[in-house]
Number of protein chains: 2
Amino acid sequence: MATIRDVAKLADVSVSTVSLALSNPARVSQKTLEKIRQAIAAVGFVADPLAQSLARGRSRMIGFVVGNVGNPFFGDIRRELENYALDHQHFVVVTDSSGKTDRERALVEHLIGLKTAGLALAPSGYDQDYLDFIAGLNVPIVCFDQKVAGIERDFVGSDNYLAGAMLTEHLLQLGHRRIAFITGPSHMHTATERYRGFADTMANAGVEVNPNFVVDGQFTRAAGYEAAMRLLIQPERPTAILGANNAVALSALQAMQELGFRCPEDISLAMIDNVQWSSVITPRITMVVQDTLALGGIIARRLMHRITNPQGAVEPPQDFVLTPKFVPGNSCRRI
Amino acid sequence: MATIRDVAKLADVSVSTVSLALSNPARVSQKTLEKIRQAIAAVGFVADPLAQSLARGRSRMIGFVVGNVGNPFFGDIRRELENYALDHQHFVVVTDSSGKTDRERALVEHLIGLKTAGLALAPSGYDQDYLDFIAGLNVPIVCFDQKVAGIERDFVGSDNYLAGAMLTEHLLQLGHRRIAFITGPSHMHTATERYRGFADTMANAGVEVNPNFVVDGQFTRAAGYEAAMRLLIQPERPTAILGANNAVALSALQAMQELGFRCPEDISLAMIDNVQWSSVITPRITMVVQDTLALGGIIARRLMHRITNPQGAVEPPQDFVLTPKFVPGNSCRRI
DNA sequence: TTATTAAATCGAACCGGTTCGATAAAGTCT
DNA sequence: AGACTTTATCGAACCGGTTCGATTTAATAA
C-alpha cells in the first residue's frame with residue numbers, strides 16, 4: 001500500500017502539503033495540486049482510515065446499535081441510514097445486542113473506542129446506571145424506537161399511544177367489548193404507551209377492562225405464546241386480542257390455531273408493527289405500522305447534522321414523533 | 001483517556017515493557033508485572049484499539065458480509081459468529097450488500113481498510129473480475145452459502161442438490177407428476193444445485209418435466225410472484241410447486257391465494273429454507289431447512305482458527321457441506 | 001524600491017500503541 | 001572466576017496519517 005510519504009516524494013513536496021491538499025485543496029496552489037494529483041494516481045494512494053482516525057481522534061464510522069438486526073423494523077431504518085451515510089462519506093457499523101443491556105454496553109464501548117463519529121442507538125436499558133453511561137458518552141447520539149426517560153438525546157420514534165388507541169377504537173367500533181391486551185415489558189416506553197392507548201380508549205368508551213384480559217407477553221415469542229394460552233383457556237374468553245407487538249400477536253395466532261380457534265370467526269386479532277411475510281399469513285392481520293423509512297430518514301439526517309455541523313453538537317436534544325398508519329386486514333370481524 | 005505512557009511513568013518502567021507485559025506477561029518478571037498491574041488500575045488504562053490496529057496492521061474486528069441481514073438464515077449464522085467471536089475477544093461488524101456485487105465490493109474494501117482480522121462472506125459475484133478481487137484479498141476469509149467456482153477459500157454450506165432432490169422425491173411419492181419449479185438466478189450455485197436435484201430426481205423417476213413448469217424467480221419476492229403467476233395462468237396447471245427458496249415459494253403462495261387457489265387442495269407447495277414466522281403461515285409449508293446454527297458454528301470456528309493460528313493462515317481451503325433437514329408441513333397433499 | 005501582508009509550503013511533534021535489536025542483569029557451566 | 005547463556009528491560013524506529021507554528025515566496029501598499 002502506498003503511503004502519503006510515497007506521494008510526497010514523487011510529487012516533490014512535503015508530507016504536510018499532501019495532507020493539506022487532501023483536506024483543504026483551496027489552500028494549495030494550482031500547480032502543486034496538480035503534481036500531487038498525478039502522484040496520487042501514479043502510486044494508487046488511498047488514505048488509511050485507521051491512521052486518519054487515530055490522528056484526528058474521530059473516524060468516519062457511524063455505529064448502529066439495535067437489539068435485533070433481523071427485525072424488519074430495524075432493517076428498514078438501517079438501510080435508510082446506510083444510504084444517507086454513504087452519500088456523506090460515512091460508513092455504518094451495524095451491531096446487534098440481542099436485546100441484552102450488558103452486551104449493548106460492551107458494543108457501545110467498543111464503538112466509542114473506534115472513535116465513531118456518531119451513534120444511532122435503540123436503547124435497551126432504563127436504570128440510573130444506564131442513564132449515566134449514556135450521558136457520559138461524548139459523541140453525537142440519536143436514540144430511536146424506545147424513548148427512555150432521563151436520556152437527554154435526540155429521539156426519533158412513533159406515537160405509540162396513538163397506535164394502541166387506533167386499534168382499540170377499531171375493535172370497539174366493530175362491537176367488541178371483551179378485548180384482551182398482550183403487553184410488552186413494563187420498562188419499555190413503547191410497551192407502556194401502547195397499553196395506555198388501549199386502556200384510555202377503553203375507559204373513554206366506558207368499557208371496563210377485565211384484569212384477566214391483560215397479560216404480559218414481554219414482546220417475545222415465547223412469553224407471548226404463554227400469555228396467549230392463558231387468555232384462551234379462560235372460561236370467559238375475549239372476543240378480540242390486541243397484541244402490543246408483532247411477536248406477541250403472531251404467537252397468539254399460533255396459539256389460537258393450535259387450540260382450534262378460528263380467526264376472526266371465533267376471536268379477532270390485531271397487532272402493532274408489521275412482519276416480513278404478513279401478506280401470506282392467514283388471515284391478514286389488521287395492524288398499525290410505523291413509517292420505518294421516514295423514521296430512518298430522520299435518524300440519518302439528524303445524526304449527520306450533529307456530526308458534520310460544528311454547532312450541531314451543542315443543539316438541545318429534540319424529539320421527532322411520527323404518526324403510525326392503520327393497515328386493515330381481515331383478522332377482525334364485526335360482532 | 002490514560003495512555004500507555006501514563007502507565008509506564010507511574011510504574012516506573014519503559015513503555016515497551018508495559019506493552020510487553022500486556023501482550024506476553026510470561027516474559028516480564030513478577031514484580032514488574034505487579035507494578036504495571038497496579039499502575040494500569042490506578043490510571044484506568046484501556047488500550048486504544050485504533051492505535052493497536054495501526055501498529056499491528058490488524059484489528060480485532062471480523063467483517064460479516066451478506067446480501068440481506070434480515071434473512072433469518074443469515075441472522076442465525078450472524079448470531080453464532082458473534083457469540084463465538086466475542087468469546088475470543090473479537091468484534092463482528094455486520095454489513096449488508098443488498099445483494100449488489102458492487103456494493104459488496106465497496107463494503108469489503110472498506111473492511112479491509114479497517115484491517116479486519118478476517119471476513120465471513122456470502123459471495124454475491126461470480127465473474128473473473130470478482131474472483132480476482134477476492135483472490136487479491138490478503139485476509140483470512142471463510143465463504144458460505146454460495147459456493148463459487150474459482151474462489152480458493154474455505155467454504156461452508158449445505159447440500160443444495162440434496163435439498164432439491166428431497167422435496168422432489170417427496171412430491172413424487174405423494175403421486176405428483178406435474179411438478180413446477182421456481183428457480184433462482186442461474187449464476188448462483190445454490191440455485192443451480194437445487195434445480196439439478198429437482199431435475200435429476202424427476203428424470204430418475206422417469207417423469208418428464210414440462211418446460212413451461214420451470215420459471216425463473218430470481219430468489220426474490222417480486223420475480224417470484226411474477227413467475228408464480230405465469231405458472232398459475234397456464235391452461236394445464238401444475239399440481240405442485242417447488243420453490244427454490246423461501247421468497248419465491250411464499251410469493252407463489254401469495255399468488256395462489258390472490259387467484260383463489262387453495263393450498264394444498266388445489267396445488268401443493270414446498271420450499272427450501274425457512275422463514276421467521278413459518279409456523280403461523282397457513283398452510284404450514286413443507287420444507288427443507290438448513291442447519292443454520294451448525295453452519296454458523298463451523299464458520300465461526302474455522303475463521304477464528306485461521307485468524308488466531310499462525311499456521312492456520314496457510315492451510316489449504318476446505319469445504320464443509322452439511323445435510324439439510326426435511327420438515328414436513330401440510331402444504332402437500334397426496335393425489 | 002521597500003515595507004507590509006497574504007499565500008504557499010515545510011518541519012517537527014503528535015495520535016497511542018508495537019516491535020526488534022541492543023544492553024543490562026541474573027543464572028549456568030567448566 | 002571467567003566465559004557463555006538466558007532472562008528482563010529499554011530505546012528508538014515505526015504504523016500512516018494530522019496539525020500547527022515557523023519559514024519562504026508572492027502579492028499588495030506606500
Side-chain angles (χ1 to χ4, degrees), chain A residues 1-37 39-40 43-61 89 91 109-110 112-117 138 310, chain B residues 1-37 39-40 43-61 89 109-110 112-117 138-139 310:
Chain A
M1 267 297 87
T3 76
I4 199 174
R5 296 173 216 263
D6 300 330
V7 175
K9 202 168 295 172
L10 189 60
D12 196 32
V13 294
S14 77
V15 169
S16 46
T17 302
V18 178
S19 178
L20 190 63
L22 255 31
S23 61
N24 196 350
R27 287 190 42 196
V28 174
S29 73
Q30 278 305 317
K31 55 170 172 280
T32 312
L33 213 51
E34 191 46 38
K35 277 196 300 180
I36 292 176
R37 285 237 169 83
I40 287 177
V43 301
F45 168 76
V46 179
D48 182 329
L50 241 42
Q52 281 185 308
S53 304
L54 179 61
R56 291 208 185 118
R58 286 264 146 268
S59 78
R60 294 194 155 285
M61 292 186 267
Q89 287 76 252
F91 175 79
E109 270 166 355
H110 205 113
I112 296 294
L114 256 32
K115 304 205 172 42
T116 38
N138 189 24
Chain B
M1 267 298 85
T3 76
I4 199 172
R5 296 172 217 263
D6 300 330
V7 175
K9 202 168 296 172
L10 189 60
D12 196 32
V13 294
S14 75
V15 169
S16 47
T17 303
V18 178
S19 179
L20 191 62
L22 255 31
S23 61
N24 196 351
R27 286 189 42 198
V28 175
S29 73
Q30 279 305 316
K31 55 170 172 277
T32 312
L33 212 52
E34 191 48 38
K35 278 196 299 180
I36 293 175
R37 284 237 168 83
I40 286 178
V43 302
F45 168 77
V46 179
D48 181 329
L50 277 183
Q52 279 185 311
S53 304
L54 179 61
R56 290 208 184 113
R58 286 263 145 271
S59 79
R60 294 193 155 287
M61 293 187 268
Q89 287 75 253
E109 270 165 354
H110 208 115
I112 296 295
L114 257 31
K115 304 204 170 43
T116 38
N138 188 25
V139 181

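Keep in mind that the numbers below use all heavy atoms, side chains included, and drop hydrogens, waters and symmetry copies. Residue numbers start from 1 in every chain, and the chains themselves are labelled A, B, ... in the order their sequence lines are given, proteins ahead of strands.
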Using a 4.0 Å heavy-atom cut-off across all strands, classify B:Leu50 as base, sugar-phosphate, or nothing. nothing

Assess, by modelled atom type and distance only, whether the side chains of B:Ser19 and B:Ser16 contain a donor and an acceptor separated by less than 3.5 Å. no

Can you tell me how far C1' of D:dT9 sits from CD1 of B:Ile36, to the nearest Å? 10 Å

Where the side chain of B:Asp48 is defined as all heavy atoms beyond and including C-beta, which of D:dG17, D:dG11, C:dG17 is the nearest nucleotide? C:dG17

Which nucleotide in the list D:dC10, C:dG17, C:dT9 gets nearest to the side chain of B:Arg5? C:dG17

If the cut-off is 4.0 Å, is A:Ser19 near the phosphate of D:dT18, judged by side-chain N/O to OP1 or OP2? yes

Side chain of A:Gln52 - closest among D:dG17, C:dT9, C:dG11: D:dG17

Side-chain donor/acceptor of A:Arg56 to base of D:dG17, under 3.5 Å: no

Where the side chain of B:Thr3 is defined as all heavy atoms beyond and including C-beta, which of D:dG17, C:dG17, D:dT9 is the nearest nucleotide? C:dG17

For A:Leu54 and D:dC14, what is the distance between atoms CG and P respectively, to the nearest whole Å? 17 Å

The side chain of B:Val15 is closest to which nucleotide in this list: C:dG11, C:dT18, D:dG16? C:dT18

For residues B:Asp48 and B:Met1, determine if any side-chain heavy atom of one lies less than 4.5 Å from a side-chain heavy atom of the other. no

With nearest nucleotide decided by heavy atoms, which residue, B:Ala47 or A:Val28, maps closer to the 5′ end of DNA chain C? A:Val28

From C-beta outward on A:Ala55, which listed nucleotide comes closest to its side chain: C:dC15, C:dC10, C:dA8? C:dC15

Looking at the base of D:dG11, is there any donor atom on it, or on the side chain of B:Ser16, that sits under 3.5 Å from an acceptor on the other one? yes

Between B:Ser59 and B:Lys115 (side chain of the first, backbone of the second, donor and acceptor by atom type, cut-off under 3.5 Å), is there such a pair? yes

